[in-house]
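Remember, predicted model here, so these are calculated numbers, not experimental data.
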Amino acid sequence: MDEFDKLLYRGANQMPPELPGQEPPKPWKKPMGRVCRGLALISITLNFLGLDIILPAVGTVLLWLGLRSLRRENGGFRFAYACATMYAVLRLTVAVLRATPLDLRLAALVGQEWYTTAGPVPLYYALRTVALQSVLTLAVAGLWQGLKAVFRRAGQRPRTAAAGGLAILEFLLIPMALIGLEGWLLVGPILLIWILLVWSLRKLSRSLDKAGYALTPAPVRCSGGLAFGLWLGIPLLAVAVLPLCFARLPVNDDTPVSGPGVRDEALYHELLDLGFPEDLLSKLGDNRMALLQGAYGLDQQGYIQGSGRHPDGMPEVMVFEVPVRDDKYGFRTIYLAYLYWRPEEHGGYMEAIQVTPDVQGVTVHTSCPQGELEWRDDGGVLHTAPLTFSFRSDGSGIISYYADFSLPEEADGPVEGWVYWEAAPTFPEKVALFNYSLRFAHRLTPWQYPYTLPSDFLAANALSPSWRTFHWSSEGQLAPEGSYDPDAY
Amino acid sequence: MDYSELVAALRERRPDAMERFQTAFTPLLRYIIAPILPDERDQEECLSDVLLQAWDAIGGFDPGRASLTTWLTRIARNAALNRRRSNTRRREDGVLDEAAPDAADGPEQSLIKAEDARALWDAVGRLGKGDRELFLRKYYYYQATAQIAAELGMTVRAVEGKLYRIRKRLQTALGGVYHG
């Protein structure tokens with residue numbers, strides 16, 4: 001104790017009674033305030049300005065900090081602190097996972113779907129919600145028991161109904177989330193009860209002053225501010241940075257394509273006679289051209305505009321409908337979509353194509369589309385990358401096929417693509433008309449959270465300023481030779 | 001919290017008033033006394049003294065000047081300091097308690113010290129809320145740095161650092177005014 005310290009102690013004897021802050025310290029106030037604010041922020045969902053990420057993260061840290069101070073008081077608080085730690089770790093893990101494709105891979109690994117009243121969700125998401133909410137419920141239950149123990153030790157009747165009610169309500173949120181209950185008529189009263197309970201819990205710290213006043217505070221190795229910064233900083237940093245590492249999808253660049261093989265000249269001329277544009281026919285390649293063997297008609301829709309259009313990341317599309325003779329069905333139709341991305345359209349990060357071969361889903365048998373991207377590097381070498389399609393059905397059972405990809409960065413010049421699928425008749429009608437559609441998604445920004453594949457974006461029919469979508473649909477015709485008339489529709 | 005009904009009951013010497021008063025304030029009084037008097041027997045004796053003092057002095061309590069908790073805190077703190085002081089004086093090799101007023105001070109010296117104290121508390125009043133709380137915990141409530149750190153969720157080192165900075169600011173604010 002130096003001279004100045006002595007003077008400060010001595011000066012304190014003559015402290016005026018009206019000095020602000022002279023109220024005695026309240027050991028329960030700060031930790032209980034943190035716990036209540038934490039619980040409130042965890043449950044708030046505001047879907048703008050990233051608050052849906054930030055507020056629960058802040059809430060999680062505050063809950064942890066509050067319980068950290070109380071953990072030495074009794075076993076209930078210790079349990080609550082352990083649960084709050086686990087909850088924070090889980091939330092941190094989820095936050096990091098959601099910034100990466102790993103989250104989607106885990107969902108695919110679990111595989112099955114959980115059906116809520118709002119629609120099916122991946123089982124993985126349902127399990128994750130249950131895990132998080134269960135741990136939070138246990139933390140609140142631990143808090144409840146800890147508070148009860150404080151009152152009991154002071155020989156008083158526990159006034160912890162708010163904490164108990166909150167624990168029960170947190171538990172009830174688990175089945176509610178699993179069922180997918182929504183709507184203000186149900187959520188409104190629950191929210192009101194929840195707010196009242198948190199408010200009552202906040203006021204409880206005053207009662208705690210009468211139940212021993214002092215608490216057994218736990219020493220800490222890391223100050224609250226630093227702990228707050230770390231707990232909050234790590235997930236926010238992960239959310240800010242990790243998506244940039246996964247901004248693009250890998251391009252499965254096959255070995256450079258060798259020179260053209262032996263062209264089926266007869267078929268080539270047949271297709272030319274049917275009206276296939278010569279420039280595209282020469283790019284079609286032998287394998288794709290072979291699909292058109294037995295062609296007896298051709299319809300061409302779409303356009304290739306070339307330069308002069310404002311870049312929007314979207315390909316120009318031309319779809320060829322080519323009915324061909326078929327041994328099994330008598331006839332079938334090959335759809336061949338030619339896609340063309342001008343060089344100035346390469347600036348995007350992720351693309352997706354959605355093919356819905358039969359929009360009504362009742363008329364035709366369709367095959368899973370196949371496709372390739374083709375481009376030339378700055379040395380003029382032709383490269384190709386396959387487009388891998390997978391299917392999923394919407395709520396009404398219509399099947400769509402999706403391919404996710406990124407345009408190659410090393411492309412010097414336009415990127416071209418071919419997507420093709422078959423339609424075969426389901427019923428013995430002479431002529432079947434149906435609609436098919438192609439949709440495209442293009443991500444404009446490198447950052448996104450949570451990590452979303454463009455196919456998921458298309459499947460969800462979502463809207464976002466970070467994405468651009470393009471929808472191209474047309475009417476298709478299945479007709480036997482002699483009945484096929486592209487001008488009839 | 002409104003204690004006007006309890007204060008009225010104490011003033012009217014109602015039979016249950018003291019028991020209610022004890023239930024409501026004993027935990028707080030223990031909390032205030034404990035850092036000043038480490039010995040448990042001293043704490044219990046001091047607590048009894050404080051309850052008795054409060055019972056006797058409740059007529060002079062003015063809710064317009066300070067809240068009941070502040071008033072009680074002051075009584076408890078002074079009682080604990082007095083007990084500590086007499087304990088120190090009883091010790092043969094006792095060191096002078098720095099919080100004790102100097103009995104040898106004449107009227108002039110006392111006046112100077114009172115002015116200095118006013119200057120100090122003006123400076124403390126200008127501190128931020130957090131710093132002021134830290135200062136009061138340390139120099140008014142005699143709380144150990146470890147207790148302050150644990151209750152505020154800070155490391156001991158962080159509290160020491162903050163207290164060091166607060167002392168520097170007070171020294172600067174007081175300039176050469178403090179005579180010691």
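Neither the backbone nor the side chain of B/Lys129 comes within less than 4.5 Å of any heavy atom in chain A. Contact of B/Leu72 with chain A is not made at all, since no heavy-atom distance falls under 4.5 Å. Only the side chain of B/Arg137 comes within contact range of chain A, with at least one heavy atom under 4.5 Å from a heavy atom of that chain.
Heavy-atom neighbours of A/Phe171 CZ from other residues, nucleotides or ligands within 6.0 Å: at or below the threshold of 12. Enclosure of atom CD in B/Glu12 by more than 12 non-hydrogen atoms of other residues, nucleotides or ligands within 6.0 angstrom is indicated. By the neighbour-count criterion of 12 heavy atoms within 6.0 Å, atom NZ of A/Lys29 is sparsely surrounded, having that number or fewer from other residues, nucleotides or ligands. Heavy atoms of other residues, nucleotides or ligands lying less than 6.0 angstrom from CZ of B/Arg157 number 12 at most. Environment of CE in B/Met18: crowded, with over 12 heavy atoms of neighbouring residues, nucleotides or ligands closer than 6.0 Å.
Along residues 218-231 of chain A, the residues that come nearer than 4.5 angstrom to chain B, judged on non-hydrogen atoms, are A/Ala218, A/Pro219, A/Val220, A/Arg221, A/Cys222, A/Ser223, A/Gly224 in order of number. The stretch residues 29-38 of chain B places B/Tyr31, B/Ile32 near chain A, each with some heavy atom under 4.5 Å from a heavy atom of that chain.
Nearest heavy atom pair, residue B/Tyr141 against residue A/Pro25, reads CE1-CD, 3.6 Å.
Between A/Tyr9 and B/Tyr142, the ring center distance clears the sub-6.0 Å criterion.
Rounding to the nearest 0.5 Å places CG of B/Leu28 at 8.0 Å from NZ of A/Lys26.
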